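These notes concern the structure reproduced below.
Please read these numbers as outputs of a predicted model, since none were measured by experiment.
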Amino acid sequence: RGGTVLYTARCPEFRDDAGVERGRQVCEEIGISGLVVIGGGITAARKYFMPALLRELRAETGTFGGDRFPRMQMKVYDLDDEAQFAQFARGEQRELKVYGSERTVSYDPEKRIGVMISRLGADRAISAGAYAFALNELDKKVG
């Protein structure tokens, strides 16, 4: 049913449960929790809309009492910028000692969101977004 609404029926991987499960696992393994796809000809207008989009996502908002705080909980990165991509990928890794042992674990406390223009082409990018949406809907039913 979702394939009809989301047009994912064109993807042969969605035709069996194993393909859907594999897609969910891949998204989980590489840390994708969601995609927002802006497709079609608008991607060619990046220089016009991306600065405003990033400015808005990075802006502050406030309360009636005058308190200010970031609009987003996450730090926003422009992944089309090499330096910001490197920072996004590196994160804020810290080594933490495991209590009661000599072991340490890596921990990255930084919540972040990356914004970029897809190089997949609109059809593939929209399919990937629909795929992520469908997997999320399936997780709601399974979990």
Side-chain angles (χ1 to χ4, degrees), residues 1-99 103-143:
R1 186 167 171 255
T4 304
V5 174
L6 301 171
Y7 301 103
T8 53
R10 295 184 294 177
C11 301
E13 292 83 4
F14 274 111
R15 293 194 177 126
D16 61 49
D17 291 341
V20 172
E21 176 59 21
R22 178 65 187 134
R24 187 196 63 74
Q25 288 172 353
V26 168
C27 288
E28 187 175 293
E29 286 169 13
I30 62 176
I32 293 177
S33 60
L35 295 172
V36 176
V37 178
I38 301 173
I42 196 167
T43 58
R46 179 201 195 286
K47 67 181 179 181
Y48 301 113
F49 74 83
M50 189 64 83
L53 174 68
L54 292 169
R55 192 171 41 254
E56 196 64 30
L57 291 172
R58 293 171 176 159
E60 288 187 338
T61 190
T63 65
F64 290 122
D67 295 329
R68 305 294 297 167
F69 53 91
R71 178 181 304 278
M72 303 281 292
Q73 259 190 336
M74 297 74 102
K75 187 168 180 183
V76 179
Y77 291 90
D78 178 356
L79 300 183
D80 287 323
D81 177 279
E82 285 185 40
Q84 288 187 44
F85 181 85
Q87 218 177 358
F88 176 87
R90 184 176 47 255
E92 301 268 333
Q93 293 291 328
R94 299 179 188 161
E95 290 295 315
L96 299 177
K97 188 170 177 356
V98 176
Y99 179 76
R103 294 184 58 212
T104 61
V105 294
S106 290
Y107 171 69
D108 186 351
E110 183 183 59
K111 294 179 181 179
R112 54 193 177 273
I113 185 169
V115 180
M116 67 182 290
I117 297 299
S118 169
R119 286 158 182 78
L120 297 173
D123 287 347
R124 285 186 175 164
I126 291 165
S127 292
Y131 188 69
F133 176 80
L135 293 175
N136 187 49
E137 293 301 304
L138 287 171
D139 276 349
K140 288 179 187 175
K141 291 180 181 173
V142 173

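- Within a 6.0 Å sphere centred on CZ of Phe69, heavy atoms belonging to other residues, nucleotides or ligands number more than 12.
- Between Gln84 and Val76, the shortest heavy-atom distance links the atoms OE1-O, 4.4 Å.
- Contact record, Pro109 with Tyr107: CB-CE2, 3.2 Å, taken as the closest heavy-atom pair.
- Atom CD1 of residue Ile117 and atom CE of residue Met50 lie 4.0 Å apart, to the nearest 0.5 angstrom.
- For the pair Asp108 (side chain) and Glu92 (backbone), a donor-acceptor distance under 3.5 Å is present.
- With hydrogens and angles ignored, the 3.5 Å screen pairs a side-chain donor or acceptor of Arg112 with a backbone N or O of Phe88.
- Heavy atoms of other residues, nucleotides or ligands lying less than 6.0 angstrom from NZ of Lys97 number more than 12.
- For Arg58 and Asp78, the salt-bridge test fails: no basic side-chain N is under 4.0 Å from an acidic carboxylate O.
- The 12-atom threshold is not exceeded at CD of Glu82, counting heavy atoms of other residues, nucleotides or ligands nearer than 6.0 Å.
- Arg68 approaches Glu60 most closely through the heavy-atom pair NH2-O, 3.4 Å.
- For the pair Arg71 and Leu57, the tightest heavy-atom approach, listed with the atom from each and the gap, is CB-O, 4.3 Å.
- Looking only at side-chain heavy atoms (C-beta outward), Ile113 and Tyr77 stay at 4.5 Å or farther from each other.
- The minimum heavy-atom distance linking Ser106 with Glu95 is given by the pair OG-OE2, 2.6 Å.
- Residues Glu56 and Leu53 have side chains not in contact (no heavy-atom distance under 4.5 Å, counting atoms from C-beta outward).
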